Structures are given as structure tokens and as C-alpha cells.
Amino acid sequence: MEANASHQAAGLGLSAAQPLIQVQNLVKYYHQELVLDNISVTIEEGDLVSIIGPSGCGKSTFLRCLNGMAIFDIGCIQINNITLSRKTLDSPIDRDFHKKTHALRQQVGMVFQSFNLFFHRTLLQNVMLAPRIVQKKSREEAEDIAIRFLDKVGLRLFAHRYPAQLSGGQQQRGAIARALALSPKVMLYDEPTSAIDPTRVDEVLEVMRDLDHEGMTQIIVTHEMRFAKDASDYIIYMEQGKFIEISDEDEIFISPKDERTRKFLKKFM
Amino acid sequence: MYRLKTIFFGWIACISLVVSAQATKATKEVLRWGADGQGGAPHIFFDPKKPEKLTGFEYEIAKAIAEFMGKELQYCPNDWEMLVAGLQRKQYDILMNAVVRNVWRKKKAAQMGIAFSKPYYITFIQATVAKNSPIQQFSDCNGKKIGILKASKAEQNAIRRLSDAQTILYDDEIKAYADLNNHRLDCVLTEHPEALYYASVEKDVRLLKEPISRLEFSIMVRAEDQVLLAQLNAAIDHLKQQGTLRSIYERWGLWNEQTATYFNTSQTPQTRATQLEQYLADIESETSTGNIYLKSLPFFTKAAWLTLRISFCAMLLAMSAGFLLGVLRTYSFRWIQCLVATLIEIIRGTPLMILLLFIFYGLPKCAPYLPEPFSQWVCMSPFLAGVLGLAINYSAYEAEIYRAGFLSIPIGQIEAARALGMTHLQALWYVIFPQTIRTVLPPITNDFIMLIQDSSLVSMITLVELSRTYQLFSAENFDYFSFGLIVVLFYLLLGLPFTRLSRYLEKKLTAKTQREV
Ligand SMILES: Nc1ncnc2c1ncn2[C@@H]1O[C@H](COP(=O)(O)OP(=O)(O)O)[C@@H](O)[C@H]1O
Ligand SMILES: [Mg+2]
């Protein structure tokens, strides 16, 4: 009790110094295969971070660990004062752990490559659903929120369409609005533009830029090198479960420190 | 969200409505009489001229007995082969339908817990042959083809007295006599009353003069109902003395030497066999004028309503139970999944008919071993048993449809719901289930049409629904063709709205959730 109280007091008192996201020594296996290899990273509030790297290197898995969709084996994740930690491989996954995971998800919004809007509901209903049943908001309140965020992503006129009646870019912007409606502290994007017609990619990237200007903390796994270069505060190059290189803005494109990063980027440039 | 709730409560309301419509209350004390009225002339059958009216010599006797006992007669129809089982499961209290007491061994009867009254009628086995057949007496039947009814112990015993003969078993008399007429058989053995009524319809047959065996018709009761048995014996004595029985037999053309000897009276009849004459005349005129087809329509309508009610209740139950099974099969713990999968396999491997017979006749056998409420529940009404049997059978199929539906929803849908902070249950309830319902409703509605047809099997457990009504009318009037057309029309009318509904749902539910082309 006491330790907990003092810890919280410290968190509140030093809120400026305390980073929003802290990941320490994260390790994750899938069937004996090491997918995340001792990853540590600190992300400040308002940062826009891009993660790049070859496919299969563990980018998605890292994001999924951050919102509790995948359970890591060893390490510690702290987001906005919610701490998930597992000391050893056989630390129990108990009720307390699940409760914290649940709390964590409310702080973290996630956007998928394949949008995953609910087919059987209109765009408006898609956005309203989670505020209604997860945050127990009233119908009117949820509708207000939904309209506001649909407006923000430029889809107010499409509120009563079903997902099947929208283009890929529109669906993805809808999915962003749906995640924002829960007012998360962090937004995670897993290749948000990979399934979208190249001519419509920009409308999605524009939304993320806007959010960045408003101070939203965002982590984006992407193959859009130009966007990563222009918009990110810093870029992480990942390979074989490790963060090989973390570098400021476009430095990584001009003079990558690591040989592996150079090789990877050569394919894109 | 509330759409689901509306469906749920609507569902409850439907079930209770249909079940309460079924519940009936007895007012006056009744004598429940089990018999098979299908092709039952002259014992008990529906008057060919007025199909709503029961008639027959055993019907008249049963009414006279009930009147003597101060009770109201209630006719409980059952399949001929199931009559004894129905008595044992207390579906009725007396069984009077050409029960031949002297073919039952005492030990066997005691084992089955049944007892017999005094005989109320004595008759014999009648051999019927083609008009120009060389057969003059029963012993000439050696080496010939003989047709008898399926559950006819006395006739089988009689055939055993021949050194060799080929026996062919029939469901009903009509088909046996038709085959005799077509020269597929050399001889038909039935009880004398049947021969009198059914053989006479065929033109080219002849009854042998010689009476074979002695058949004593008695009333069967459960062995523990000793008081009832004494009352029945008193009633038979009374009706014998009053001459009521004799007059019934004479009117039906059934008065014979054997019964006369048993009654200690003279053999010559005092009145004309008016009922027999009437019957033969009616069969001729009603089918030829087409009158009977019109008159049968209210019966088919009533039967269709029963078929619809049973199918509807069974389907609602099957849909919900199937949903539950489907959910458990797909989303529960591994060992529950295995359990449910096994259960589904067992149900799908069991023929529906066996399931129905088991529930209706088998389950009541465990009643003595069960505690209070259960021992009553297992003896359920035919309606409930029918609904339950159909529902269990179909729930297994529906479960598989639901499961396929669940698995067809992309995994991303659940992931998105979970990422939005929903619990697993919330994700299922708000995202997976509504999407699944949309994909499975059309095939489930389709299944309902199959269920309507399968519901014909509940005729096995005493329910007079469409298919049983068809059998009744066609056996009574020797016409499987015209009544066949009528019954097919009724099944079509029942199924058609649901075929349309299935199409409509398919269009309506998927319209907005699929890309237009
Ligand atoms: N659910 C899973 N079960 C087993 N292995 C998985 C699962 N998800 C990912 N992996 C494995 O983990 C590794 C990293 O996958 P992922 O994080 O999806 O890579 P990326 O997103 O960088 O392409 C891959 O080798 C993949 O095969
Ligand atoms: Mg990936």
C-alpha cells in the first residue's frame, strides 16, 4: 500500500520528467522462436515514432504487446502509470495481470492494416459502440463523440454508410476515428496504409499528421519511407526481434550507423 | 443491442403461447381408451360419410362400458404395434382393439404387468382366397403363398400348423387383399371381422367356410388396476345380459356361432346387419362422388395446424439449443468443446424415429427410479415429447451451422473489438453473434422446411398430424392417390412461406454488409 502510494505520488509530481511509455527488456517467444529480443525503449508524450524493418522481424508483435493483445514473456511495459511486468518465463498470468491489460487497452488505440470495421454496423455505430459498452456512456454522449471524431477525419457525411459502402482510405480513417473515440493516450498503427489504393494513402497519412500537431503520441509501423522521414520525431529500425537503430528524424536516411540498416534502406531508396 | 433483446423476448412469448395453447384440462372423469382407428373397420374407424364421427362395433361397446361406469369415453389413438407400450406408459387406461387374450402366455403377461378382462366377443381366423382358386379348406394351403398382418400372433400360429407355406407380412389388410386380387398371393388370413369388411370390397375373392382357431377378444389393462378390471368385468356381464352386445354384433353383421355359444343364446340373428350394409354402400358412393375429399379438408387443416405448431416450437428450441451448443463447441474450454462435439455426433448418429420412441416410451420406464419432479417430467405428453425429439435432433444440425457461421467471421473483427477494450464476452455478443446471425438465418430457415417434413414422424407417438391424417383417410377409403395429392398440397402450403422468408432474409440481411457489384 505504502509503496504504491509513494510510487503514484512520484509519478504525479514528476509528470513532466516521466516518459509516457517505457519498455524495459521485453522478451517474447512464439513456440521456442525468439520474436522480441530484449527490447527497451522510452517514448515521450507527443512523439510520433515510426518503426521500419523487414517483414517477420516482430514489428506487429511489438505493437500487440503494447496493447496487451499479445502477452510478452519477460520484461516490463509502463504506459501512463499502468505497469505490466513479468519477472521470469513462468510468472503467472493472473487476474491482476488481466485487469491491468484491460486498463491498458483503454489508454491505447490500435489501427489495423485491414481496417476491421464491424461489417454489420454503420460507420457511426462503429464509432459509438466502444464508448457505449466499454465506457458506459449514454447514447447521446456517445453519438456526440462519434460525430466529433468522424468530423475530424472528414467522414461526417458518411456516418450512416456501412463499411462495405466505403473506400479503403475512408474505412481506415473511420477505424482511426473509432479508436480515437475512447480518448486514448497513445495510438498504434500496424501498416495502416498497406491495404489501401496508393492514390488514397495520403488522406490517411494526413489524419495522422493532424493528430501529431494536436500532440497525440503515435507509434506507426510502416513501409511509407517518405512519411516516416517527413513526419516522425524519430525512427526505429528493427530486425530479428531487436531494435537495431533508433535515430532522430531523417538522420537514419542520410547516414545510417548500422550496416544492416543501410542494406535495408537501399532497397527503398 | 435491443434488437437482440426483442428477438429474445419475442421468442419466449412465442414458446409460451404455443405451449399454453396445447395445455388442456379434464373436467368429468374419463375412461381413456387406447385403440388404432387407422384402417380400423369394423372395430373403430371414422364414418366414411361423416369423417368427424367415430364409429365401429368396439367403439359402441366402449361407449356402453363407459356409460355403465358413469364416465366419459376418451379415445386415445395410437399405432397398432405401439398399443401395449402406450398402455404401459399410462397414455390410456384400457386397451380394447381386437386384443386376443388366448394368444398371450400367462407368464409373459405377468412380466409385462398387464391383465385381461373376460372376453366380450369370440371370433375366428378367416381364410380368403381367389374366387376361382382350387383351395377349398385351410389344409389345401400347403406350399402356397399366404399373406397375414405384421403383428398377428394367432395367424402365425395357424400357419405353423401347415407343413410348409410361404408367409408374407403386411401393414394393413387393404394391401393384402389387393395382392390377393392381383394373384400375388394364394390366400390371406385375417380375423373374421376384417375379412367381412375389407375382402368384400374386392370383387373376385371368396371366404372359406371353415373357421380356423378360436380368438377371444378381451380388454387389456395394467395389472395394478384391479378395481378397474372388476368394473370392466361387471360391465361386460351387464351388457351381455341386457342384450346390448348381441344387438351390436348383429347390426355389424358379426354375430356368429362361437359368440352365441359363449353367450348361451341362439345363433340366428334377430336384426339385419344394417351397419355392414351401410358401410359397403358408403365406401362405394362417397369415393365415387368425391364428397369425402371435401369433407376431409377440415381434418387436414386441423392436422396442418398441429404440424405447424409442433414444427414451430421444435424449431425455436432447436435454434436456441443449437446456438448454445455451437457457442460451446467453438468458444469454450478445450474439454467442453470435445464433450459437445461428441454429443453432437451422437445426436446426429441417432435416427429421429428412434429418438422419438425412446423419449415417449423409453423414458417413462425410468420414472420409478427418479425423485419427485423428474419422475413426472419423464412421462411427458405426446406433444412435448414430439417437440423435444425434433428439437434435440435439429439442434445438432443447427449447432454445426452456427459453428460454420462463427468460423466464417474474420479474426480481425474479434481483434478489433478486443483492442477497443471489450471483454471476450462483449466481443462475442456485440460483434460476432450479430454478424453470425445474419449469415446463418437463411440456411436455418431452410432447415425449418426440412423439419416440417420430418415432423411426420411424430405420428409414431400417437399424434394425428398431417401424414397420419393422410394414412387414416386413404386407408379408410381405399384411396392413397387423391388424398396423397391433398396432403402434398398442405405440406407445400406450410413450407412455402418459409421458403420465401429464407430468400427474403438472404437478400435483406446481406444487402448492406456486402459490396454492391
Ligand atoms: N500468433 C503467432 N503464432 C506464432 N508465431 C507468430 C504469431 N504471430 C507472429 N508470429 C511469428 O513471429 C514473428 C514476427 O511476426 P510479426 O510480428 O508479425 O512480424 P512483422 O509484423 O514484423 O512482419 C514471425 O516469425 C511470425 O512467424
Ligand atoms: Mg506485421
Side-chain angles (χ1 to χ4, degrees), chain A residues 60 63-64 66-70 98-99 101-123 125-136 139 160-168 171 174-175 178-184 187-190 195, chain B residues 1-8 323 327 331-334 402 404-444 504-517:
Chain A
S60 297
L63 284 196
R64 290 163 60 82
L66 282 188
N67 83 338
M69 299 273 286
H98 280 299
K99 255 190 189 155
T101 313
H102 195 68
L104 191 79
R105 288 208 184 118
Q106 323 242 346
Q107 310 279 333
V108 181
M110 180 119 176
V111 172
F112 303 88
Q113 180 178 344
S114 48
F115 332 132
N116 297 343
L117 286 176
F118 305 134
F119 304 138
H120 66 298
R121 285 171 180 263
T122 62
L123 195 51
Q125 290 169 334
N126 259 278
V127 183
M128 281 171 66
L129 185 63
R132 288 270 286 146
I133 66 171
V134 177
Q135 297 181 332
K136 312 275 182 235
R139 167 171 296 277
H160 296 290
R161 292 228 189 151
Y162 282 86
Q165 300 163 328
L166 297 168
S167 76
Q171 286 191 59
R178 180 174 69 173
L180 288 174
L182 286 169
S183 27
M187 288 286 285
L188 309 178
Y189 305 82
D190 193 354
Chain B
M1 282 163 246
Y2 28 76
R3 243 179 301 157
L4 277 176
K5 265 181 213 151
T6 323
I7 290 172
F8 181 71
F323 180 74
V327 170
Y331 294 115
S332 61
F333 303 110
R334 180 63 43 86
Y402 280 115
F406 293 141
L407 295 181
S408 75
I409 308 294
I411 187 80
Q413 294 282 310
I414 267 210
E415 284 198 335
R418 298 284 278 148
L420 286 169
M422 294 187 210
T423 64
H424 198 65
L425 268 179
Q426 283 174 329
L428 290 181
W429 184 256
Y430 292 104
V431 177
I432 301 301
F433 292 169
Q435 293 190 10
T436 310
I437 299 289
R438 277 166 175 74
T439 56
V440 301
L441 262 184
I444 283 180
Y504 171 78
L505 288 174
E506 203 156 3
K507 266 202 193 135
K508 164 110 192 173
L509 290 177
T510 51
K512 284 179 186 150
T513 52
Q514 267 168 17
R515 227 159 224 290
E516 278 164 37
V517 277

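This is a predicted model, so every value here is computed, not measured. In what follows, chains are A, B, ... by sequence order, proteins preceding strands, each numbered from 1. Heavy-atom basis, side chains included; hydrogens, waters and symmetry copies ignored.
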Which donor-acceptor pairs under 3.5 Å do the side chains of residues 412-423 of chain B make with protein atoms, sequence neighbours left out?
unit_1	atom_1	unit_2	atom_2	d
B:Q413	OE1	B:Q435	NE2	2.7
B:Q413	NE2	A:L117	O	2.8
B:E415	OE2	A:R64	NH1	2.9
B:E415	OE2	A:R64	NH2	3.4
B:R418	NH1	B:M422	O	3.1
B:T423	OG1	B:Q426	N	3.1

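- For the atom pair OH of B:Y430 and CD1 of A:I133, the computed distance is 5.0 Å after rounding to the nearest 0.5 Å.
- Of the listed residues A:H102, A:M110, A:Q113, A:Q106, the one with more heavy-atom pairs under 4.5 angstrom with chain B than any other is A:H102.
- If you measure heavy-atom distances from A:V108 to chain B, the contacts under 4.5 Å come from the backbone alone.
- Residue contact with chain B, scored on non-hydrogen atoms closer than 4.5 Å, involves the side chain of A:F112 exclusively.
- For A:Y189, the side-chain hydrogen bond (donor to acceptor under 3.5 Å, both in side chains) test picks out A:Q218, with sequence neighbours left out.
- In terms of modelled atom types and a separation under 3.5 Å, the side chain of A:H120 and the main chain of B:T436 share no donor-acceptor contact.
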